[in-house]
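Shown next, in structure tokens, is the structure this report addresses.
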Amino acid sequence: MEDGCRFNTKLLHGKTSAGYRQREILPPVSQVTAFQYESMEELEKVFAHKKMGYAYTRIGNPTLTAFEQKVNDMEGGAGAISTSSGMAAITAALLAVCESGDEIIAGSGLYGGTIDLLHDLEKLGIHTVFAGGLTRAEIESRLTKRTKVVFGEMISNPALKVLDVPEAAAAAHEAGIPLFVDSTTATPFIARPLSLGADVVIHSTSKYINGGGNAIGGIIVDGGRFEWDERHTALREFRKFGKAAFSVRLRTDLWENLGCCMAPANAFLSYTGMDTLGLRMERICENADTLARALDEEEDIQVSYLTLKSHPYHEYLARELGGYGGGILTLRTGSRERAFRLINALHYVRIASNIGDVRTLVIHPASTLYLRSGREETEAAGVYDDTIRVSVGIEDIEDLIRDFRNAVRVSRNA
Ligand code: PLP
């Protein structure tokens, strides 16, 4: 890492964890709506951004700041803004750079909620063109004068397509367009998209960053390197801030007005949860790899996981992911009925619509997360009628393997 220490040390002792007002070792939870001042003049200065300070939690809160600085530090960003959810983060980031008539180029195989959001944005006149794996050729053939952003997922959920960030960033930058990357499933432990060339990184912190399954949240991290020019009409009033135009627009305008701030208690839970991100990710990736290999031995189950040589994006493991395959794997069982039987036969594994928890979770995505998506989009996301998504946790691997092997056997007997 750039300041001399390694991942876990930086998480715990990075430059933003220097202590707080009363020397607390963790950021206190400022569970308040508003902040009081000695004089009206002082509050006026805070509102006018002429004095540092907090006025109202929707437009800033010290617990949120502590969490934002921690994620920003781990991603190597120039500044971060936390949000009420991952979806709020994606919405705010896209609306900051797109207005009616503008276009987004998005990778296919995105998380179902993001696909739904992109459909919602059509009603505001913001059009999305889907572009397979966001290769240079795919991006270049979809660029128009109205393209304002290229958006992709670092490791897509659950298709497990890996974004070639240097290639996508180069193609976008040559056209004067930024690359936004949802890195929820990779986390800064596996990849840091800003260091690979991306301009903005987004997370649903509800997942791996929090890790304990106890707080919904999101975050937008700005790399602060992109040159916003006259093409970026949504930022016209903010271009005077140069490379900070995107962050300033979000912080002082859109984020405030959308009212999508993270709750202070959630910022605290996400902050403390993140302390163990490195340990959890190491264990999760090791468990996912061992489970994938064990289930790959079952003749009638098709396993998709990045560390398996059969995976189409296997080569990216060494190139971009530091050898780690992440915590998601998918299983194809032959039929929807068998997928349901297998899920229902699991003993330790919970049936729940989440990923990144310390507990292993499973879901049948076609009947839940992709209920509103069309067949083509669903299949591009690697989701078929017989697909099960597994979000691997930190349990003892012997128990997980035994549980899955038993459920595979039970599911065979209709
Ligand atoms: N991005 C990805 C890759 C996700 O998996 C999810 C949720 O599953 C989201 C965004 C949305 O996050 P949230 O549920 O926090 O709104």
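Counting starts at 1 for both ligands and their atoms, in listed order.
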Tell me whether Arg225 at atom CZ has more than 12 heavy atoms from other residues, nucleotides or ligands lying less than 6.0 Å away. yes

Among residues two or more places apart or on two chains, list those pairs meeting side-chain hydrogen bond (donor to acceptor under 3.5 Å, both in side chains) that have a residue in residues 167-178. Arg136-Glu174, His173-Asp199

With sequence neighbours left out, what residues match Arg293 under side chain to side chain contact (heavy atoms under 4.5 Å, CB included)? Asp289, Thr307, Leu308

Contacts of Arg236 meeting side chain to side chain donor-acceptor pair (under 3.5 Å) (sequence neighbours excluded), chain-then-number -> Glu99

Salt bridge or not for Arg405 and Glu297, using N-O below 4.0 Å? yes

Once you restrict both partners to nitrogen or oxygen, which atoms of ligand 1 have a protein partner under 3.5 Å, and how far apart are they?
{"residue": "ligand 1", "atom": "1 (N)", "partner": "Asp182", "partner atom": "OD2", "Å": "2.7"}
{"residue": "ligand 1", "atom": "5 (O)", "partner": "Asn157", "partner atom": "ND2", "Å": "2.8"}
{"residue": "ligand 1", "atom": "8 (O)", "partner": "Lys207", "partner atom": "NZ", "Å": "2.9"}
{"residue": "ligand 1", "atom": "12 (O)", "partner": "Ser204", "partner atom": "OG", "Å": "3.0"}
{"residue": "ligand 1", "atom": "15 (O)", "partner": "Gly86", "partner atom": "N", "Å": "2.8"}
{"residue": "ligand 1", "atom": "15 (O)", "partner": "Ser204", "partner atom": "OG", "Å": "2.8"}
{"residue": "ligand 1", "atom": "15 (O)", "partner": "Ser206", "partner atom": "OG", "Å": "2.6"}
{"residue": "ligand 1", "atom": "16 (O)", "partner": "Gly86", "partner atom": "N", "Å": "3.1"}
{"residue": "ligand 1", "atom": "16 (O)", "partner": "Met87", "partner atom": "N", "Å": "2.9"}

Side-chain donor or acceptor of Asp182 paired with backbone N/O of Glu153 under 3.5 Å: no

